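Values below: every heavy atom of this structure, side chains too, minus hydrogens, waters and symmetry copies. Below, chains carry the letters A, B, ... as their sequence lines are ordered, and counting in each starts from 1. Everything quoted here is computed from the prediction, not taken from an experiment.
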Number of protein chains: 2
Amino acid sequence: MGRPERDADQLHREVRDRLKGADQIYTSGRQRLIEMLDESGRPITIPELLAPHPDVALSSAYRNLAVLEQVGVVSRIVSGGEHARFELAEEVVGDHHHHLICQSCGRVDDFTVPSSVERTIERALAEAASDSSFVAESHRLDLVGTCGACATATGT
Amino acid sequence: MGRPERDADQLHREVRDRLKGADQIYTSGRQRLIEMLDESGRPITIPELLAPHPDVALSSAYRNLAVLEQVGVVSRIVSGGEHARFELAEEVVGDHHHHLICQSCGRVDDFTVPSSVERTIERALAEAASDSSFVAESHRLDLVGTCGACATATGT
DNA sequence: ATTTATGCAAATCGTTTGCAAACCT
DNA sequence: AGGTTTGCAAACGATTTGCATAAAT
């Protein structure tokens, strides 16, 4: 059920600082969004995000998530479904992870690979990109398949 | 300028067969789309695709690309830009590749990594996914950065 | 002839934006 | 007060769809 208190406090501090750095205010609405994202623990869509909080305006959610994305505390991931998904940015959470994308229900979960593999991938990518004039900044590695719930509902 | 003739012929045969298998017809409109995609050699948006062919109806392009995607000869990739992008499916072209995504202009190019690395990645992913009840089917590995043209325009 | 694909125009739906009221300092 | 954020409603834009026509078998 969420993460320890001090993590949350630190998270909020970090977000506030980032916003301040961009001359933006950490309003209560934004705070709520950050908390919802933190509780979710995986990339979720805005409808999912707002369902338990009917008083949060849709437009404010979009606007604030855009702001939070610009200051680098939230990242938007697209993955093909009808809604974009949002999660706390890697920089803020302090981990580098990838995504399990369920092609049946659209659910997205985070996962990590051993850092040795991560390094292997990075090296290979750097080399592959060096062929072209492309300047790589980051990579994105997703697994596409069927999540547990959908596999049970279908296969078994 | 495109690929050798016999490849194209084989491509068309393959597409026709796949469509036939789904009780669909390989109409001239669909043939044109396949040719355009083949010539492009990288994932392109529908506007890009149709720009040189103003007589092709937008709705037909969308409809036909959806059909072609369903029978597995075209794949749609999303990557965050405003338009989805389409390319000939790996199954049809016969290679497994990844994408270089320019975050400045949205351009997407294909690239491949050595098969040894590909295997490493696959192994690591299989293991990582085995923790959860997720059933992986394929993976997606993209490099995000700046393409040559945009790098020149900005940095140099 | 009958079935399927096409093109146009209208509808859809996620997301964005204009504007006036509410908020914070 | 002065500047910002919020909420509502309207606008936007990519994609989809209804329907009548054209094409293919």
Side-chain angles (χ1 to χ4, degrees), chain A residues 12 15-16 18-37 43-51 53-71 73-87 105-108, chain B residues 12 15-37 43-51 53-71 73-87 105-106 108:
Chain A
H12 288 305
V15 173
R16 168 173 289 116
R18 295 245 190 179
L19 282 169
K20 195 153 276 174
D23 289 313
Q24 296 270 4
I25 304 168
Y26 196 24
T27 62
S28 63
R30 291 169 183 179
Q31 216 162 318
R32 289 182 72 187
L33 284 174
I34 291 293
E35 268 154 23
M36 298 179 211
L37 288 177
I44 57 178
T45 65
I46 288 194
E48 284 168 359
L49 200 64
L50 299 191
H53 306 266
D55 56 312
V56 178
L58 194 61
S59 63
S60 295
Y62 275 109
R63 238 180 321 221
N64 284 328
L65 287 172
V67 170
L68 292 167
E69 190 191 10
Q70 277 166 30
V71 300
V73 303
V74 161
S75 50
R76 171 191 310 227
I77 76 179
V78 186
S79 83
E82 33 221 14
H83 293 272
R85 286 171 181 271
F86 298 85
E87 70 178 344
C105 69
R107 178 185 170 114
V108 178
Chain B
H12 288 306
V15 174
R16 166 172 291 115
D17 291 349
R18 294 245 190 179
L19 282 169
K20 195 153 275 172
D23 289 313
Q24 295 270 2
I25 303 169
Y26 195 27
T27 62
S28 63
R30 291 169 182 180
Q31 214 163 318
R32 289 181 73 186
L33 285 174
I34 292 293
E35 268 155 22
M36 298 180 212
L37 289 177
I44 56 178
T45 65
I46 290 193
E48 284 168 359
L49 200 64
L50 298 191
H53 305 267
D55 55 311
V56 177
L58 195 59
S59 62
S60 296
Y62 275 108
R63 239 180 320 222
N64 284 328
L65 287 172
V67 170
L68 292 167
E69 189 190 11
Q70 277 166 30
V71 301
V73 302
V74 161
S75 50
R76 171 190 311 226
I77 76 179
V78 185
S79 81
E82 31 222 13
H83 293 271
R85 285 171 182 271
F86 297 85
E87 69 177 344
C105 70
V108 178

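A straight line from NZ of B:Lys20 to C1' of C:dT3 spans 15 Å, rounded to a whole angstrom. Rounded to an integer number of Å, the gap from B:Arg30 CZ to C:dG7 P is 11 Å. Between the C1' atom of D:dT4 and the CG atom of A:Leu68 lies a distance of 15 Å, rounded to the nearest Å. Between the CZ atom of A:Arg32 and the C1' atom of D:dT6 there is a distance of 13 Å, given to the nearest Å. Between the CD atom of A:Gln70 and the C1' atom of D:dT5 there is a distance of 15 Å, rounded to whole Å. At whole-Å resolution of the value, CG in A:Leu50 and C1' in C:dT15 are 13 Å apart. Between A:Leu65 atom CG and C:dG14 atom P there is a gap of 16 Å when expressed in whole angstrom units. C:dT15 atom P lies 13 Å from atom CD1 of A:Ile77, rounded to whole Å.
Taking B:Thr27 as the reference, B:Ile25, B:Arg30 meet the side-chain contact (heavy atoms from CB on, under 4.5 Å) condition, with sequence neighbours excluded. The side-chain contact (heavy atoms from CB on, under 4.5 Å) check on A:Glu35 picks up A:His12, A:Gln31, with sequence neighbours excluded. By the side-chain contact (heavy atoms from CB on, under 4.5 Å) test, B:Ser59 is found to be paired with B:Ala57, B:Arg63, residues two or more places apart in sequence or in another chain being considered. By the ring pair (Phe, Tyr, Trp, His ring centres under 6.0 Å) test, A:His53 is found to be paired with no residue, residues two or more places apart in sequence or in another chain being considered. Annotation: side-chain contact (heavy atoms from CB on, under 4.5 Å) contacts of B:Glu48 (sequence neighbours excluded): B:Ile44, B:Thr45, B:Arg85. Partners of A:Arg107 by salt bridge (Lys or Arg N to Asp or Glu O under 4.0 Å), not counting sequence neighbours, listed by chain and number: A:Asp109. With sequence neighbours excluded, the residues that form a side chain to side chain donor-acceptor pair (under 3.5 Å) with A:Asp55 are A:Arg32.
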Practice prompt. Scan nucleotides 13-25 of chain D nucleotide by nucleotide, 5' to 3', and note B when protein non-hydrogen atoms come under 4.0 Å of the base, S if they reach only the sugar-phosphate, - if neither.
Written response: -SBBBB-------

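Across its full length, the helix from C:dA1-D:dT25 to C:dT25-D:dA1 shows an angle of 20° between the axes of its 5 terminal pairs at either end, rounded to 10 degrees.
Look at B:Asn64 and you'll find a side-chain N or O under 4.0 angstrom from OP1 or OP2 of C:dT6. Here A:Gln24 does not reach the OP1 or OP2 of D:dT4: none of its side-chain N or O atoms lies under 4.0 Å away.
When side chains are defined from C-beta on, A:Leu65 counts as touching A:Leu49, because their heavy atoms get closer than 4.5 Å.
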Practice prompt. Begin with the C-alpha distance, continue with both residues' side-chain angles, and end with the deciding distance and a verdict on side chain to side chain contact (heavy atoms under 4.5 Å, CB included) for B:Val74 and B:Ile34.
Written response: CA-CA 8 Å; B:Val74 161; B:Ile34 292 293; 4.2 Å; yes

